[in-house]
Amino acid sequence: MDICKDVKLVEKMESYYKITTNSIQLRLWFLTDDIIRIRAGFDQDFVEESYSLVTTAWDDDMDNFMGKSRNRIECAESTLTEVKGYYLITGNKLTVKIWKSPFIIEVKDEDNTMIHRDIPQLAYVKDNNNRRSHTHEIFDGDHFYGFGETTGKLDKYEDLILIGQTDAMGYNPIKRNPLYKHIPFYIKLNENHKKAVGYYYHGTYRSEFNVGQSHSNYWPAQNRYRTDGGDIDLFLIAGPKVREVIERYTDLTGKSTLLPKYALGYLGSSMYYAELPKNADDSIEEFVKTTKEHDIPIDGFQLSSGYSNIETKNGLKRCVFEWNKDRFSDPEHFFEIINEKNVSVSPNVKPGILLEHPLFEEMKNKDMFVQNSTSSQPSVASWWGGPGAYVDFTKKSARDNWKEMLKENILKKGTTSIWNDNCEYDGIIDDDSKVSFEGKGAKIEKARPVMANIMCQITEEAINEIYQDQRPFIVCRGGQSGIQRFAQTWAGDNYTDWKTLKYNISTILGMGLSGVANNGCDIAGFYGPAPEAELLVRWIQHGIFQPRFSIHSTNFDNTVTEPWMFEEYLPIIKEAMQFRYQLVPYFYSLMERAHRTGLPIVEAFVSAFQDDVNSYDEDVNFMLGDGLLVANVVDKGQTEKSIYLPEGEVFYDYYSRKKYSGGQNISLEVDISSIPLFIKGGSIIPIAINKINDLHEDRVKDLKLIITPDKDTEFKLYEDDGTTYNYTKGDYLNTSINVEVGSKTIVRFKKEGNYKSPIENIILDVVKPEKSAYSVAIDDQMLPHILNNKEFAKASIGWRYNHDTKSVMIKYPNQRKNYEVIIDFIENDLIGM
């Protein structure tokens with residue numbers, strides 16, 4: 001065993017500090033003022049070869065592969081001092097104390113708060129099974145969030161979490177792990193000092209986090225990270241805000257891609273359609289037609305792999321890049337017809353190739369596969385339908401060949417969207433199987449999680465090479481840290497039951513806390529029986545707030561989950577789905593914010609209300625952006641919903657506008673149509689008023705801004721054409737809406753960018769239960785006060801007080817300039833006494 005017990009010497013090198021112990025060497029970088037990298041070099045080569053990091057301060061063997069996505073910076077300033085018993089490294093914000101004997105590393109922030117402390121003897125260890133571990137102390141009041149895609153409650157304290165990738169169909173949403181993603185990152189938040197710190201263990205081997213589940217009397221409470229290989233390579237990310245940790249983590253691994261706007265729409269799907277023995281294309285066309293006939297908006301169809309089922313020597317098998325001509329007689333015509341309906345089809349593409357696949361021998365001769373551990377032959381592994389081999393995406397020639405096959409067999413048929421599936425490489429049992437690793441050579445156990453990210457990257461490249469100006473829409477089930485740079489993700493093949501509806505919320509929120517803002521879970525469950533009517537309704541009422549909104553199923557009772565499957569409840573379901581489309585101006589602005597900052601779209605209370613410790617355990621209710629508190633009904637037969645409103649804020653019932661003080665539990669009566677929503681005081685919520693049926697073509701022409709002027713606030717309303725890269729050339733419009741409250745409340749609009757907004761009319765819905773306005777002006781122009789509601793509805797400009805919504809309603813044509821709206825709430829003594 002290698003156990004780091006004592007420090008012999010700490011030396012300042014050119015960009016890092018070398019820590020020599022009794023056992024191995026460690027290195028420490030002050031990457032930025034807020035990020036420290038600690039690397040325990042158990043293999044003593046300190047080779048840099050990352051597919052994950054987009055920000056570095058060193059040469060990396062993957063620099064050529066990463067290309068322009070990699071940002072090279074200089075390390076932050078710091079100084080080294082030797083003191084009796086320890087070394088002290090001081091940065092501009094963080095201080096690192098390296099104790100000599102016993103050796104541990106402590107980190108304090110600029111307020112002298114201890115944010116990290118190793119545990120002596122356990123801190124950096126390689127055991128007799130070659131597993132490497134890092135153990136740090138759990139302080140009183142610590143909570144733990146993130147860990148990528150996980151099941152169970154949001155706070156992972158006292159959990160054992162496995163980090164790897166599996167094909168976990170029908171998983172238990174409370175106890176099953178790992179799932180499909182490999183994201184060894186978490187946020188620690190202490191309820192006493194309310195400061196957050198992030199831990200990103202930069203590694204690709206299977207690993208685990210023992211988050212205080214085990215305990216020994218010889219040591220304090222502890223969180224142990226253990227990995228099957230590689231160095232302990234920790235990026236310690238200071239906050240103190242949770243949001244700051246997320247922003248800095250995504251500085252390291254990348255921000256969420258700005259997908260085309262239609263990726264936020266309803267994505268229809270079911271394995272059923274593509275599995276029909278004949279005329280599956282007609283059935284999908286009929287599905288889209290039926291959806292529109294029911295007046296349900298739709299923007300996409302996720303085409304399951306049944307389209308690639310062809311006859312082989314062993315029967316009907318899924319063979320990627322092949323088309324079953326009985327099911328899809330003319331794929332080009334199919335895409336043309338569906339595209340004309342403003343629905344984008346995302347064909348399912350898998351990286352596994354059956355041995356009986358018509359292209360297997362050709363791909364083998366091109367050396368495209370992960371190789372056997374003892375020869376240069378393909379590593380034969382378990383695959384869907386029988387034995388197969390997996391493509392080695394760490395090999396340039398394999399990537400080039402795959403790209404051409406993808407273009408010729410799928411993309412040129414007429415789509416800019418791909419659904420990368422089953423890319424966990426779970427079927428390869430021999431961990432010694434060989435991969436190219438950019439010519440360096442490696443075992444699959446090291447490269448397994450990077451395959452999904454690379455597959456998505458070359459999918460993006462392939463789409464860009466054919467449709468140069470079109471933003472790709474890539475969906476991916478697998479992935480490692482950084483998958484957010486390429487794809488929208490979802491938590492795989494969930495089960496249809498009430499507990500999945502409820503606990504999938506924590507999975508989505510945890511992904512948002514792990515830098516993956518654009519994610520979701522299959523609505524109404526993928527695998528299992530048909531959902532009962534109440535479950536379908538509740539799941540859709542929740543699902544409309546997920547960044548990814550897809551109803552997808554493979555029901556084992558021969559049914560198909562569709563929005564109209566229960567006619568009695570269809571009006572409620574339609575209303576919910578149409579409301580999703582009303583919220584698209586808000587969603588799209590939040591997706592752009594995630595692209596710019598890395599912040600979640602749907603956000604856990606613990607992040608949004610960090611100062612309120614009572615919010616730290618909230619698993620079900622969440623924030624959509626900064627303004628909307630969503631408190632969905634997720635329990636069967638529920639007639640009353642208890643909701644905790646976080647302290648330090650005020651909230652308005654979205655429907656009644658009743659005002660509530662935060663820091664209390666309230667109870668609402670609910671029925672099957674209820675979607676409990678609250679607007680946080682000091683918020684701006686943009687909502688489309690005109691009807692939107694699809695996001696490909698329909699544009700927001702009439703926009704309402706709900707404003708709760710309880711405190712100064714700002715919102716950035718983002719617009720562009722929704723599909724192209726023109727926004728990178730300045731063809732976008734970012735309208736900064738700033739509210740300054742007071743006896744005169746001023747709403748300022750400042751515009752940036754060249755995009756011509758399609759918005760023609762704006763309504764400000766300024767929530768003010770206490771009183772109406774005295775006057776309203778746009779710049780120097782006084783607006784007419786219209787008391788009659790019918791006259792107000794007909795007018796193009798004016799204002800009135802709506803007693804139903806307790807709001808000052810202001811309407812006017814959209815202004816193509818910077819301007820301000822002044823709402824005067826002065827006292828007006830009509831009697832004059």
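The model shown is predicted, which means the values in this text are computed figures rather than measured ones.
- A side chain to side chain donor-acceptor pair (under 3.5 Å) with R471 is found for one member of T257, D720, N726 and no other, namely D720.
- How far CG of L645 is from CG of N621: 9.0 Å, rounded to the nearest 0.5 Å.
- Here F549 and Y266 bring their ring centres to under 6.0 angstrom of each other.
- With a 4.5 Å cut-off on side-chain heavy atoms, V288 and E285 do not count as touching.
- Contact annotation: the side chain of V602 approaches that of P547 to within less than 4.5 Å [non-hydrogen atoms, C-beta and beyond].
- At a threshold of 4.5 Å between non-hydrogen side-chain atoms, the residues K768 and I823 do not count as touching.
- Heavy atoms of other residues, nucleotides or ligands lying less than 6.0 angstrom from NZ of K659 number more than 12.
- Minimum heavy-atom separation, L624 to L583: CD2-CD1, 4.3 Å.
- At a threshold of 4.5 Å between non-hydrogen side-chain atoms, the residues Y654 and I679 count as touching.
- P563 is not listed as a side-chain neighbour of T291, based on a closest heavy-atom distance of 4.5 Å or more.
- Rounded to the nearest 0.5 angstrom, Q781 CD and I797 CD1 are separated by 4.5 Å.
- Taking a cutoff of 4.0 Å between a charged side-chain nitrogen and a carboxylate oxygen, K711 and E649 qualify as a salt bridge.
- Residue T724 comes nearest to Q470 through the heavy atom pair CG2-NE2, 3.8 Å, listed as atom of the first residue, atom of the second, then distance.
- To the nearest 0.5 Å, the span separating CD1 on I810 from CG on L783 amounts to 7.5 Å.
- A salt bridge links E603 with R243; the closest basic N to acidic carboxylate O contact falls under 4.0 Å.
- Here the side chain of D779 pairs a donor or acceptor atom with the backbone of E820 at under 3.5 angstrom.
- A pairwise comparison of heavy atoms in L536 and M565 identifies CD2-CG, 3.6 Å as the closest pair.
- Nearest heavy atom pair, residue T559 against residue A530, reads OG1-CB, 3.2 Å.
- Around atom NZ of K750, no more than 12 heavy atoms belonging to other residues, nucleotides or ligands sit under 6.0 Å away.
- A 6.0 Å sphere centred on OH of Y503 holds no more than 12 heavy atoms belonging to other residues, nucleotides or ligands.
- With salt bridges taken as basic N to acidic carboxylate O contacts below 4.0 Å, one links K502 and D635.
- Using a 30° and 60° split on the angle between ring planes, Y812 and F749 fall in the perpendicular class, above 60°.
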Go through I675 and I544 one step at a time and tell me if the side-chain contact (heavy atoms from CB on, under 4.5 Å) criterion holds.
-> CA-CA 10 Å; I675 305 176; I544 61 171; 4.3 Å; yes
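- Listed for the R538 side chain is a donor-acceptor partner under 3.5 Å among the backbone atoms of I672.
- Side chain of N632 to main chain of V634: no donor-acceptor pair is present (N/O by atom type, distance under 3.5 Å, no hydrogens or angles).
- Aromatic ring centroids of F651 and Y660 lie 6.0 Å or more apart.
- The backbone N or O of L695 sits less than 3.5 Å from a side-chain atom of D299, completing a donor-acceptor pair.
- Aromatic rings from Y727 and Y755 are positioned such that their centres are separated by 6.0 Å or more.
- Looking only at distances, no side-chain donor or acceptor of K680 sits under 3.5 Å from a matching main-chain atom of L629.
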Given side-chain contact (heavy atoms from CB on, under 4.5 Å), test E618 with V620 step by step and report yes or no.
-> CA-CA 6 Å; E618 179 56 64; V620 174; 3.7 Å; yes
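- With hydrogens and angles disregarded, no donor-acceptor distance shorter than 3.5 Å links the side chain of D619 to the backbone of S506.
- F579 and F545 have perpendicular rings, their planes meeting at more than 60° on a 0 to 90° scale where under 30° would count as parallel.
- Here the shortest heavy-atom pairing between S346 and S417 reads OG-OG, 2.5 Å.
- Heavy-atom neighbours of E293 CD from other residues, nucleotides or ligands within 6.0 Å: above the threshold of 12.
- For E532 and K636, the salt-bridge test passes: some basic side-chain N is under 4.0 Å from an acidic carboxylate O.
- Between V584 and I692 there is no side-chain heavy-atom pair separated by less than 4.5 Å.
- With ring centers used as reference points, F287 lies under 6.0 Å from W564.
- Residues D612 and S615 have side chains that never bring a donor and an acceptor to within less than 3.5 angstrom of each other.
- No donor-acceptor pair closer than 3.5 Å links the side chain of K716 to the backbone N or O of R593.
- Within 6.0 Å of CD on E669 lie no more than 12 heavy atoms contributed by other residues, nucleotides or ligands.
- Side-chain contact check for L703 versus L717: some heavy-atom pair is nearer than 4.5 Å.
- Heavy-atom minimum distance, Y652 versus R657: CD2-O, 3.6 Å.
- Put simply, OG on S736 and NZ on K751 are 10.5 Å apart, with the number rounded to the nearest 0.5 Å.
- Around CD of E575, the count of heavy atoms belonging to other residues, nucleotides or ligands within 6.0 Å does not exceed 12.
- A distance of 6.0 Å or more separates the ring centres of Y644 and F609.
- T561 and N555 are linked by a side-chain donor-acceptor pair at a separation below 3.5 angstrom, with hydrogens and angles left out of the test.
- L259 CG to Q488 CD: the interatomic distance, rounded to the nearest 0.5 Å, is 6.0 Å.
- Panel note: side chain R477, backbone W419; no donor-acceptor pair is recorded below 3.5 Å.
- At least one donor-acceptor pair under 3.5 Å links the side chain of N690 to the backbone N or O of R699.
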Full working for side-chain contact (heavy atoms from CB on, under 4.5 Å) between I573 and F566 = CA-CA 10 Å; I573 288 171; F566 298 105; 5.9 Å; no
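- With a 6.0 Å cutoff to the six-membered ring centre and a 45° limit on the axis angle, K811 counts as a cation-pi contact of F792.
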Quick one: do N738 and E714 satisfy side-chain contact (heavy atoms from CB on, under 4.5 Å)? Show the steps, please.
-> CA-CA 4 Å; N738 182 279; E714 184 179 30; 4.2 Å; yes
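- Atom NZ of K658 sits in a sparse spot, with 12 or fewer heavy atoms from other residues, nucleotides or ligands closer than 6.0 Å.
- In terms of modelled atom types and a separation under 3.5 Å, the side chain of D712 and the main chain of V741 share a donor-acceptor contact.
- Residue H552 is tested with F301, F526, W539 for a ring pair (Phe, Tyr, Trp, His ring centres under 6.0 Å); the sole match is F526.
- None of Y581, Y588, F587, F473 except one satisfies the ring pair (Phe, Tyr, Trp, His ring centres under 6.0 Å) rule with Y262; the exception is F473.
- With rounding to the nearest 0.5 Å, the separation of CG in L668 from OG1 in T639 is 12.0 Å.
- A 4.5 Å side-chain heavy-atom check between I418 and P347 finds at least one atom pair inside the cut-off.
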